[in-house]
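Everything on this sheet refers to the single structure shown next.
As the structure lists them, so they are numbered: ligands from 1, and atoms in each ligand from 1. Count residues from 1 along the sequence. Computed over heavy atoms, backbone and side chain alike; hydrogens, waters and symmetry mates excluded.
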Amino acid sequence: MRRTRSPALATSLTLLALGIAQISSNAAWARTAQQADTLARQTLSQMTLAEKLDYIGGTGGWDVKPLPRFNLPQILGADGGLGLRYTNQGNDQGVVYPSGPSLAASFNLRRAVDFGRALGYDTASGGYYYITGPGMNMYRMPYGGRNFEYVSGEDPFLGASMAPAVINGIQSRGIWADAKHYAANDQETNRFTLDESIPERVLREITLPPFESAAKNGKVSLMMCSFQEVNGDHACESSHLIRDILKDQWGFAGFVQTDYGAIIDGLKAAQAGTDIDMLFGTQMNATVLTPSINSGVLSVATINDKVRRILRQIYLFDFDTYVPPTVHDTNSLASNQASLNVAREGIVLLKNQNNLLPLDPAAVKKIAVVGVLGKYAPPSGFGSAYASALDYISETSGLAQAAPQAQVTFLDGLSLDPAAVTWTHLDADGTTEVPGLTAEYFTNTDWSGTAATTRTDTYVNLNWDSDTNLPTDGNTASTSIRWTGRVTPTVSGEHVFKVRADGVIHLTVNGQQIINNGDGTPLPDNAIPPTIPQYAKITLQAGQAYDVVLEYSRRPSYIASLGGLTGVQMSWASLVAPSDIAGYDAVLVAAGNSNEYEGEGFDHMWELPEFQGQLIQSIASQNPHTIVALHGGTGLKVNDWVDQVGGLLHAFYPGQNGGQALAEILFGQVNPSAKLPISLERNLQDNPLYNYFPQFDNNGTLTQLSYAGDLLLGYRGYEKLGTTPLYPFGYGLSYTQFSYSNISVNPPVAFGNAPIRVSFNVTNTGQRAGAEVAELYVGQRNPRLTRPVKELKGFQKVLLQPGQSQRVTIELNGRSLAYYNPNRNAWVVDADVFTIGVGAASNDIRLRGRVLSPFRQQLSVTSSNPLPLAVQRAVQVTAGGQGPDQTDDVLFTQTQSTAPQVPPAAGSGGSAPGSAP
Ligand code: BGC
């Protein structure tokens, strides 16, 4: 049932919405930067040095300290970039949005603004003054633990476009955004100890443009400096990154916040330009800094600048008079709609054998869904960006909703769901098979002596924090448990067993130990202890009962929040599809990663977990209408089965309404329009950075990482090396076709920052309405130094009815042609001919033009902009309308789709979002 709100609540929500609308429209009335600066200086002039030194350390949470003497409140902050998650202010969980790569895949700046506005609404209406996002680091290798958070994909121009659009959206709600992680937090491999060696050109051309654009085009209030080292300095202690580039050269007027605990040397960080030390100010405080101030090594002016920067943002956003709403509305219909719209435009159709898709509702009567990722809330990664959905539409319920005429069956026998597997054990006389497992709970850590309690458990699915019926208290006492049961497969062949636990696990099947994690997954020196599952496979025969024994011993310090688990779960499933799989008109396999495998603090495998590839092959070999929806923030290994499946989509992490979006795409209610923001490799070794980073390392061994190859990251490298990726950057299928014609370049000559307009026609030549992302690449004809064959420098998404044509204009500027010259500390456009390619993907250029740079030109690092003027305007909130949300310019639908729906299938794991604010 749709959850409805009482009239009284609806009224207060309306008032709240008005309040927030006022915050947003107040922008016109808000103080100018100069007024805010004056007020900041006034307050600063009255502060003692002790007060100032206290002010540049956090509260221990996400907050900036209050200054009651000046009537300044505690500035409450919240995580994270993909949804407001539970923070220190109580249970203010917000809408879960699609992952960063989903947004990047939309190639739609209006979606990015809309996303930011919705996330900003949730944050503001949750009572917070800022949110720690968006993340905008680069995708280098498919291991990247946090790439699911980042909006840049593998392209700095894409990141430089998306990041300020999200920021402007967030900040239009009258709160701060927080651009992170500055800089080069591109992998999680040993993030506290890794030193990245990044050549200056790589830094300027690849690593930094999203941040430059966040500063210049997003006017972002704060930036979070990252954990790892860049060229020998911790990022938060890097004068080059913070003082020289960010503040002096780009003119960043906000303040720099550390990632939480990222400073090692407080003096160095203070001198480098870091402004506030989160969480507690353990490094930048009076005790650490006073001796250096007294000795003259650190000036009071340096401290003043930090305080002034923070105060300036406070006054700029009127936080001195702002009263946050007390009635919270963090799961509004408008935000749900925004989340759904990003998912609709962010799922990339990669393969569509014989036009299997869209599925014909008249013909498809029986659909099977395989994979636990399709059963509950659409997955996401773990860590500070993990938000657990209050309401969601699963992929199974999305299908039931999109195809009410069809029977949608979730196949538990092929899915690893600890809450749905079948266990038995022999009853006391040892003759009769009864449901569940025998569970022996010990009050020691090694299963010794007699169990304190022996009982029957239906499943192994235990959570120390939330289960109320546990015989021992694993949170306070030492605990070990032994479960003994039996499984009787219905199919012969290999089966997978999976255990996820916060401790030691030994799993024996049929007398054979198949999982043993030693002394438990050792907790690394890391703030985010994950609970990454262990799994193994074994051959079993149908109809035969096998003994299973799981021994588990709890280890302390794991956390259940951030997508982790304090407890233990066990499941098993067949890797061989039953023969009746052939009887389904379509099989959707929800595969890939989730918060169990991918997240903060850790890099992850390229291979699919849980032998999913083997299962897909088994299904596809019997049913050609097998469609795989891939999940994760990165590329994953698909080469072993992709040729056998009928359809493949990269759904990334599609947010809490992603099940609806996916189903609408599968049934053609939404015509897919996303393009890959990353290249998907056929073999891992094909990745152009493979030789520099062949293997991730979460154990602290790898401490040096070279970025020497990063000018040729992603498609830049594939093209240079002549290697064909499996699916290239910018690639994505539609249910219609588009043609390109009639290119003109005006003027065809480059002069400084003057705009160059490239115009062309795009025509929908197919039978369905659809949106096309026209991509524009630039390459230099005769470069004297290493330059990619071509680089993305513009894109435009257009919605076209069948037969409709539109003239599209994409603007370029001097930076579109330039490379960074470290000797001049300037951007340089050589005297040369530059080729312009316009097309549907990086490997599908349809039109060519050229621009001449008649003489060598130099552009300032300060006044040049990674975005041409027209794009600078397009990333502003005002560009597409002033309404409470911007769904008016949704660009994806064939039939204008509706709001998130109520899933009709009982028990299929969805509930409807709340009503509109
Ligand atoms: C993460 C940040 C996050 C912060 C606060 C850190 O571990 O790197 O992205 O915002 O924690 O939770």
With a 4.0 Å cut-off on N to O distance, would you call Asp114 and Arg117 a salt bridge?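 So Asp114 does not pair with Arg117 through a salt bridge.
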Under 4.0 Å between a side-chain nitrogen and a carboxylate oxygen: does that hold for Asp502 and Arg554? yes
Quick check on side chain to side chain donor-acceptor pair (under 3.5 Å): which of Ser339, Ser332, Ser335 does Asp122 satisfy it with? Ser335
Checking side chain to side chain donor-acceptor pair (under 3.5 Å) between Gln257 and each of Trp62, Tyr182, Tyr130, which is the one that passes? Tyr130
For ligand 1, is any non-hydrogen atom under 4.0 Å from Met278's backbone (N, CA, C, O), its side chain (CB onward), both, or neither?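 Answer for Met278: neither.
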Within a strict 4.5 Å, meaning less than it, do heavy atoms of the Val220 and Phe211 side chains meet? no
Within ligand 1, which atoms have a heavy atom of [X] less than 4.0 Å away?
X      : answer
His181 : 2 (C), 8 (O), 9 (O)
Lys180 : 2 (C), 3 (C), 9 (O), 10 (O)
Ser384 : 1 (C), 2 (C), 3 (C), 9 (O), 12 (O)
Asp259 : 1 (C), 2 (C), 4 (C), 6 (C), 7 (O), 8 (O), 11 (O)
Arg191 : 7 (O), 8 (O)

So for ligand 1, is Tyr260 a polar contact partner (N or O within less than 3.5 Å, distance only)?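 Not met; the criterion fails.
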Results of side-chain hydrogen bond (donor to acceptor under 3.5 Å, both in side chains) for Arg243 - residues two or more places apart only: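 For Arg243, no residue satisfies side-chain hydrogen bond (donor to acceptor under 3.5 Å, both in side chains) once neighbours in sequence are set aside.
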